[in-house]
Amino acid sequence: MITNNNLQNYFFLLALLGLLILAFFIFLPYLNALLLAAVFAILFRPLYRQFKIWTGGQGTAAFCTLIVVLILIITPLFFFGREVFSETRNVLSHIENDGGTWGNLSAKFESLVKNIAPNADVDSIQLDLRQYASQVLSWVVGHFGSVFSSIARIIVMLFIWLIAFYYFLKDGTRLKQYMIELSPLANLYDLEIFNKMHSAVNSVIRGSLVIAVIQGVLSGVGFTIFNVPNAALWGGIAMIAALIPGVGTSLVLIPAIIYLFVTGTLGNAVGMLVWSVIAVGLIDNFLGPKLVGDRIKVHPLLILLAVLGGIGLFGPIGFITGPLVLSLLFALLDIYKSMIQEPQPLIDNHV
């Protein structure tokens, strides 16, 4: 028999669940901005703490951190992404019209292949290359176009990100304590979840994505210096390639060097080769241990899949939100044994 007290409890839980679902759909359009703000708040909390020591105030420290991140990171990445989108559309148009740089390169490629293998079916190879390139670039335009297609949307999302980032820095500790109080788990487990999540986010974002971004930017700079067409586009592709285990940026750099050799610019080809080895290739060896340290390590293949899947699900912001979801998953799996699994008794093999 349902008592009046139980009926009140059921009604309260039903109302709470309904409001939680409603609130989720209210915040859903801004979920990417909120997730991005949370990630940046975790990554740049050391800088915030340093500003807090210098200024003595939480609000001032959060504002100074926001300005530094906005000027040094967000603004350059925004213009870089816009340039990648613009160059992608141009290259896609050239491929579809079979003209421009693609047409000249195709003619030189045909001549080179015929010299090496006279009986090769060059026309079918070029057709396949154009089809694959067109599909890839169309995918890039489709996913990145939504970001740059509406100025009003960009302004709104940037505003939400700025406000959320500021308050995550300023009130992050208070928000964390509030979530611990609401959680039905023991406080020890809640703290362990937050610590694992913090370590996982730092490991994935700093240890893999930051290095990939740096390598992509350096690749783009090299393409610009040594006159590789559409430098921003290929630099952006180099960022994704940097996440591929065992291959990395060489997937983009080697074809660029070959392109410079084929087009007859020997000096630029040699310069690009030296730049690739010294400026791009050694970044992982120098920065990797400093950025990752002893934090949680995730296999590069999983990070690559998280980036590609995140972009497909969330759009360009999935470059960060995909690995973020992966890091949260590993944080929870890491405490699974201690929180849920019962310790198994040792089996005596002598019995």
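Side chains included, hydrogens not; waters and symmetry mates left out as well; all remaining heavy atoms used.
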Looking only at heavy atoms, which two atoms of [X] and [Y] are closest? And how far apart?
{"X": "Leu169", "Y": "Ala41", "answer": "CD2-O, 3.8 Å"}
{"X": "Val252", "Y": "Phe223", "answer": "CG1-CZ, 3.8 Å"}
{"X": "Gly216", "Y": "Ala238", "answer": "CA-CB, 4.2 Å"}
{"X": "Trp234", "Y": "Val228", "answer": "CD1-CG1, 4.3 Å"}
{"X": "Ile180", "Y": "Leu191", "answer": "CD1-CD2, 3.5 Å"}
{"X": "Leu70", "Y": "Thr75", "answer": "O-OG1, 2.8 Å"}

May I ask whether [X] and [Y] are part of the same hydrophobic cluster, defined by side-chain heavy atoms of I, L, V, M, F, W, Y residues being less than 4.5 angstrom apart, directly or through others?
{"X": "Met272", "Y": "Leu266", "answer": "yes"}
{"X": "Ile71", "Y": "Ile163", "answer": "yes"}
{"X": "Val325", "Y": "Val39", "answer": "no"}
{"X": "Leu16", "Y": "Leu22", "answer": "no"}
{"X": "Phe51", "Y": "Leu72", "answer": "yes"}

Phe44 side chain near Val68 side chain, heavy-atom distance below 4.5 Å: no
Heavy atoms of other groups near Tyr166 OH, more than 12 under 6.0 Å: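 Correct, the count exceeds 12.
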Nearest 0.5 Å, please: how far is [atom2] in [Y] from [atom1] in [X]?
{"X": "Ile160", "Y": "Leu36", "atom1": "CD1", "atom2": "CG", "answer": "12.5 Å"}
{"X": "Glu181", "Y": "Tyr178", "atom1": "CD", "atom2": "OH", "answer": "8.5 Å"}
{"X": "Phe40", "Y": "Thr65", "atom1": "CZ", "atom2": "OG1", "answer": "12.5 Å"}
{"X": "Ile26", "Y": "Ile21", "atom1": "CD1", "atom2": "CD1", "answer": "12.0 Å"}
{"X": "Leu14", "Y": "Leu19", "atom1": "CG", "atom2": "CG", "answer": "9.5 Å"}
{"X": "Phe168", "Y": "Leu66", "atom1": "CZ", "atom2": "CG", "answer": "13.0 Å"}

Can you check side-chain contact (heavy atoms from CB on, under 4.5 Å) on Lys52 and Gln58, steps first, answer last? CA-CA 6 Å; Lys52 186 178 177 182; Gln58 293 180 337; 3.6 Å; yes
Ignoring hydrogens and geometry, is there a side-chain-to-backbone donor-acceptor pair from Ser276 to Leu253 under 3.5 Å?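 It does not hold such a pair.
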Would you say the side-chain atoms of Trp275 pair up with the backbone N or O of Ile225, donor to acceptor, closer than 3.5 Å?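 Not confirmed, Trp275 side chain does not pair with Ile225 backbone.
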Please state whether the rings of Trp161 and Phe165 are parallel, tilted or perpendicular, taking 30° and 60° as the class boundaries. parallel
Enumerate the ring pair (Phe, Tyr, Trp, His ring centres under 6.0 Å) contacts for residues 11-38, please, sequence neighbours excluded, ordered by first and then second residue.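 For residues 11-38: none.
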